Every structure is written in C-alpha cells, then in structure tokens.
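Working notes, beginning with the structure itself.
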Amino acid sequence: MRIRKLIISIVILTISLVFFSTACSQKSVTTEMEGSGKWQQKEFIIGAYDGVRMTGEHEKDMEILKTFSDAGIGMMVGTHYWYTSRYFDRNYINHNPNAVSNKYILELMAAFNKKYGKNKVRLITTDREICNDKIPINKEYREDNFTNYLELSQDLRDCLYGYNLIDEPELKRLRECLPAIRSAKEIDKEKMIYVNLGNTGEDFRTCAKELAENSSIISFDIYNWITSNEKPSRKVSEPLFELTQIMAEEARNANVPWWGVALSIEHEKRRDDMKILWGFKLHDPDNRNPKTELARVRFGAYSYLIYGAKGLVWYMYDTSNCPITNPDRIEPYKDIYIPYSFHDGCLDYDGNPSIFYDYVKEINMKITNMGSILMDLNWLTTVHGMSYNNYGDVPHGSLPVVEADTPVVASITKDSTLAVGIFEGKDNNKYLMLMNKDIDNDKSYTLDLKNAKKVSLFKSNTKKWEPIELTTSGSVTVDVETGDLELLRIIEK
C-alpha cells in the first residue's frame with residue numbers, strides 16, 4: 001500500500017512539473033512576442049481595396065469569400081462603402097439597410113479560415129469611429145478608441161490585420177494625423193496601421209518620408225491608361241516611375257515595407273452631358289485582345305514589384321454600385337466619396353467573375369509563388385533600357401539607365417520597353433526582375449553581368465529555379481511575355 005501511494009505521489013509530482021514547465025515555456029514565448037516591440041510584415045500581401053460585397057447571409061458570404069480567396073487575394077484593405085456599415089457592430093446605414101458590420105466580417109472570416117485553413121483571409125478594418133474625421137488632430141488616440149478590437153476573441157483577432165485610417169491625405173492633413181498614427185501603433189502593437197498616399201505633387205517625397213518614419217508601412221496608388229474617350233489608351237501616368245522610386249527610397253531609409261495599389265477596374269469621371277472628362281480603360285469591348293488586356297493589368301502590378309514593393313492592393317476587386325451607369329439596379333443615392341462611373345472589376349454588378357477576374361488571378365498566383373523570395377529581397381536600384389518610356393507621358397530623359405556604378409549589370413538591351421529591378425537577397429546572392437513594359441509584344445532582352453558565376457530563372461509554375469545559359473563574356477538572354485516579369489538569381493564569383 002505504501003509503495004502504491006509512493007508511486008501515485010511520484011506520478012502527481014511529475015505531472016505537476018510538466019504542467020509548470022509548459023506554463024513557463026508558454027509565458028516565455030508570450031513575453032518574447034511582446035518584447036519584439038512592434039508589428040512586422042512576414043509575408044507578401046495581396047489585398048483588395050474596399051473589400052467585397054457582403055449579403056449578410058452566412059452561406060452566400062462564405063461562397064463570396066471563397067471566390068475572393070480563389071483569386072489569390074487574402075486581404076480586405078478596408079470595407080466596401082456600399083455593402084458594409086463601416087461600424088464595429090452596427091449593421092445599418094441610411095443608403096443600405098442591409099449593410100453588414102465589421103464584426104460580422106471578422107466572424108465570417110474566422111469561420112472561413114477554420115473551414116478552408118490554408119488560404120486565410122484577413123481584414124484591415126475601416127471603422128467610422130476611428131478613421132478619417134475621427135482621427136485626433138495633432139493628438140494621440142485614447143486606448144478606448146480601440147477597445148472593440150482589443151477585446152475581440154483570439155480567433156477574430158487573428159483575422160484582424162490592421163487599421164485603415166485615411167486615404168490620400170495632403171501634407172498638412174498627414175502631419176495632423178502623425179501623433180494619432182504613432183499612438184495607434186502603440187495601443188495595438190500586434191496590428192499594422194494603413195495609410196494610403198496619393199500624388200501630392202512637390203510634397204510627395206515629404207509625405208512618403210514622414211509617413212514611413214511614423215507608420216507601419218507606406219502605400220500609394222497611381223493608375224495608367226488614362227483616356228478622354230470610350231477607348232483604352234497607351235498612356236502611362238507621367239509621374240509613375242518617379243513616385244514609385246521615391247516610395248522605394250523612403251521605405252528603405254525608414255526600414256519599413258511599402259505597398260502599391262494597382263488598377264483592376266475601369267472607371268471614369270463624366271460631365272453633366274455624360275461625356276467622359278477622364279477615365280481609365282483596360283479593354284475595348286468592340287476589339288477584344290486578351291493578350292493586351294492581361295498586359296495592361298500586369299503592368300500596374302509589376303511596375304511596383306521592380307521597385308521592391310512588399311504588398312499589392314487591387315483597386316477594386318468588386319464593382320461598386322453607381323447610379324450614373326446603373327440607375328435601374330439600385331436605390332438612388334448621392335455618393336459623396338466616389339463620384340465616378342464604374343465598370344466591371346474582377347466581379348460584375350451581379351457579383352459574377354468578369355474577364356478581369358482571371359487576369360488578376362493569374363498575376364496573383366505568380367506573385368504568391370514568388371512571395372517568400374520577394375520578402376527576402378532588399379531593393380538596390382531600378383534601371384530602364386532607355387531614359388524615356390515606350391508609352392507617354394513619362395518625360396524624356398527622366399528614367400534612370402545603367403551607369404558605371406550600377407550594381408550587378410554592366411549593360412542591358414537598349415530598349416525603351418525594358419525595366420530591371422536590382423536586388424540583394426538575404427542569402428547574399430543578387431537578384432534581377434526583368435519587366436517587359438510593352439503591352440502588345442513579347443520581347444527578348446540581353447543583359448551583360450559584371451561578376452556572374454551562375455544564373456537561374458525562377459519558374460513560377462513549378463516554384464523551382466532553372467539554370468540558364470551564361471556566355472563566357474558574362475551575358476544572358478531572357479524572353480519576357482508582354483507586360484510580364486521574370487526573376488533571375490545571380491550567384492557571383
């Protein structure tokens with residue numbers, strides 16, 4: 001009997017020690033996470049600005065999220081201005097009594113992620129009680145501004161990626177918000193703060209610099225193929241590469257990631273007589289050319305990647321309701337935020353995939369397959385085949401070209417359609433991203449490398465590196481489809 005009691009005592013003591021050890025270990029891990037001090041981006045983000053339509057019916061919305069996820073999009077950057085209330089737990093707004101709350105979206109995402117597991121979807125929330133005119137001017141947020149989100153259950157917290165505070169502020173407005181941005185980072189250290197910049201002209205570098213020094217990331221949007229009629233153009237936005245380079249430089253200086261917002265929806269501003277004042281067109285319905293259509297969409301995404309972007313946000317995934325082009329399908333309302341006429345995004349007015357869905361999906365799959373590599377690359381510089389762009393309106397002589405001190409490459413094909421992003425990896429190898437800026441023709445480019453020993457091409461479909469021929473003089477030739485991008489790894493001597 002004594003021996004039996006002794007054995008029981010030993011077992012109880014052993015279990016107690018194991019439990020204590022596990023508890024200490026868990027406490028140690030938690031402390032280590034808290035000790036890291038700030039949110040850090042760990043994966044390449046592909047998101048959709050203004051999210052997606054929600055019906056408020058669980059099963060229907062699960063299917064909507066499935067279509068969203070199947071397109072390779074894992075993040076709602078903000079919530080839809082029509083289908084969601086943009087309040088934490090209030091489902092009603094005046095122009096749409098069926099609008100869903102932010103909490104509903106988080107609960108839906110938690111259910112989706114539990115069911116599908118691998119491809120998680122998350123939310124950068126837009127909350128009317130926190131963002132835009134509710135941002136304290138030259139003051140910090142109070143912690144109770146974020147109580148609803150801080151007190152979420154863990155499964156909902158896991159679906160919350162961050163807070164979307166303001167879109168395209170001018171410099172004065174941005175500076176008023178900086179104390180609040182800094183305080184939000186401290187109040188919820190586990191989540192990121194999202195502020196998207198627009199083209200603020202001569203203040204753009206200052207905006208990018210000061211946002212990078214105070215926020216979690218920096219983001220901006222600029223769109224191409226602007227037109228003044230019903231047909232798509234071949235005009236690249238004049239400051240595209242200048243502003244993208246500023247983003248890359250200021251993000252590098254502050255050691256934060258930067259994201260770019262790319263176009264996946266047609267829209268235009270119309271005059272009272274319904275003629276187009278300006279617009280963005282991605283396809284010509286009277287003269288369909290899928291190759292060129294895909295290239296236009298590729299261009300917006302890859303022109304960011306060659307400058308080291310760590311996130312891509314599509315504007316927009318869903319087609320907004322608009323009383324101008326769709327007056328018989330919705331209740332009339334005055335949209336004070338987006339007074340534009342929208343056409344099909346990845347989804348049409350009825351929520352069905354459009355031609356752009358497959359284009360965006362193809363691009364997303366390629367980026368996803370490169371994602372872990374992209375996150376390990378440090379941007380060094382980007383050069384172009386010529387100092388002018390193949391399409392207007394980029395000013396002649398404004399694009400950087402290969403110079404004597406350019407890293408990795410001694411020369412590249414003198415072709416205005418070529419752009420090359422130059423990177424260094426965490427493995428100390430060099431990497432090149434070759435972009436074909438031509439939306440009509442496939443291209444073949446030759447690069448003379450300075451100190452290459454071996455060169456490999458990343459095959460996105462197999463997720464493997466394949467060696468390519470390096471001549472004795474140190475040159476390689478790479479084929480790049482229209483609007484596409486290829487990634488090279490350079491092992492130097």
Side-chain angles (χ1 to χ4, degrees), residues 39 47 49-51 76-81 84 86-87 102 124-146 149 161-188 191-223 237-240 242-251 253-254 256-261 263 267 269 278 304 309 311 313 315-316 320 334-340:
W39 170 89
Y49 199 87
D50 273 356
M76 285 191 194
V77 182
T79 51
H80 203 288
Y81 74 99
T84 62
R86 291 184 168 175
Y87 288 102
N102 292 338
I124 299 175
T125 187
T126 300
D127 190 302
R128 295 179 191 269
E129 298 296 334
I130 297 174
C131 68
N132 296 326
D133 61 345
K134 292 300 179 76
I135 300 174
I137 296 176
N138 294 317
K139 292 193 302 185
E140 297 181 349
Y141 280 109
R142 302 188 317 272
E143 186 168 338
D144 61 9
N145 291 129
F146 294 84
Y149 297 97
Y161 195 74
Y163 303 94
N164 176 29
L165 296 187
I166 191 169
D167 184 47
E168 299 188 0
E170 298 292 331
L171 179 59
K172 178 178 181 295
R173 177 66 175 132
L174 176 64
R175 284 176 167 167
E176 291 176 347
C177 296
L178 292 180
I181 290 170
R182 290 194 299 269
S183 67
K185 287 170 58 181
E186 290 302 311
I187 290 170
D188 196 346
K191 307 304 176 184
M192 58 88 73
I193 306 303
Y194 183 84
V195 174
N196 183 63
L197 297 175
N199 180 7
T200 53
E202 62 183 15
D203 292 330
F204 186 80
R205 182 178 289 277
T206 304
C207 287
K209 178 179 185 296
E210 295 188 10
L211 183 60
E213 291 171 346
N214 289 278
S215 193
S216 308
I217 68 158
I218 53 175
S219 170
F220 93 120
D221 64 77
I222 189 167
Y223 306 137
S237 180
E238 176 183 333
L240 168 66
E242 175 190 0
L243 300 187
T244 307
Q245 177 148 335
I246 289 172
M247 289 291 287
E249 290 170 350
E250 296 304 330
N253 292 343
V256 297
W258 78 270
W259 298 1
V261 182
L263 190 65
H267 60 290
K269 178 83 170 182
W278 54 259
Y304 295 144
V313 180
Y315 181 81
M316 299 166 62
S320 307
K334 183 180 180 182
D335 181 359
I336 62 172
Y337 298 108
I338 309 178
Y340 309 140

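A quick note: this is a predicted structure, and the numbers were derived from the prediction, not measured.
- Taking CZ from R173 and CD1 from I166, the interatomic distance works out to 4.0 Å, rounded to the nearest 0.5 Å.
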Item to check | Chi angles and distances behind the side-chain contact (heavy atoms from CB on, under 4.5 Å) call for N253, E213 | outcome: CA-CA 9 Å; N253 292 343; E213 291 171 346; over 6 Å; no
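- The shortest heavy-atom contact between L174 and P169 is N-CB, 4.0 Å.
- Considering D127, D188, T125 as possible partners of Y163, the one that fulfils the side chain to side chain donor-acceptor pair (under 3.5 Å) test is D188.
- Classification of D203 and K209 as a salt-bridged pair fails, no side-chain N sitting under 4.0 Å from a carboxylate O.
- We find the NZ-CD1 distance between K191 and I124 to be 11.0 Å, quoted to the nearest 0.5 Å.
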Item to check | Full working for side chain to side chain donor-acceptor pair (under 3.5 Å) between D221 and Y49 | outcome: CA-CA 11 Å; D221 64 77; Y49 199 87; over 6 Å; no
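- Here the side chain of R182 pairs no donor or acceptor atom with the backbone of S215 at under 3.5 angstrom.
- Atoms CD and OH, on E129 and Y87 in that order, are 6.0 Å from each other to the nearest 0.5 Å.
- Rounding to the nearest 0.5 Å gives a distance of 15.0 Å between NZ of K172 and OG1 of T200.
- Evaluation of the side chain to side chain contact (heavy atoms under 4.5 Å, CB included) rule for E249 yields R205, Q245, R252, W379 as partners, not counting sequence neighbours.
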Checklist entry - Could you walk me through whether Y223 and V261 pass the side-chain contact (heavy atoms from CB on, under 4.5 Å) check? => result CA-CA 8 Å; Y223 306 137; V261 182; 3.5 Å; yes
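- A 4.5 Å side-chain heavy-atom check between Y194 and I217 finds at least one atom pair inside the cut-off.
- A 4.5 Å side-chain heavy-atom check between L165 and K134 finds every atom pair outside the cut-off.
- I130 CD1 to N164 CG: the interatomic distance, rounded to the nearest 0.5 Å, is 10.5 Å.
- When all heavy atoms of I135 and A180 are compared, the pair lying nearest together is CG2-CB, 3.6 Å.
- Counting only distance, with no hydrogens or angles, the side chain of N102 and the backbone of T126 share a donor-acceptor pair below 3.5 Å.
- A donor-acceptor pair under 3.5 Å is formed between the side chain of N145 and the backbone N or O of R142.
- Considering all non-hydrogen atoms of both residues, K185 and N214 come closest at CD-O, 3.2 Å.
- Every residue two or more places apart in sequence or in another chain that forms a ring-ring contact (aromatic ring centres under 6.0 Å, His included) with F220 is listed here: F204, Y304.
- Minimum interatomic distance between D167 and N132 (heavy atoms only, all atoms of both residues): N-OD1, 4.4 Å.
- Shortest non-hydrogen contact noted between V256 and A212 is CG1-O, 3.7 Å.
- The closest donor-acceptor contact from the side chain of S216 to the backbone of I193 lies under 3.5 Å.
- The minimum heavy-atom distance between A208 and I246, with the atom names listed, is CB-CG2, 4.2 Å.
- L197 CG to M247 CE: the interatomic distance, rounded to the nearest 0.5 Å, is 6.0 Å.
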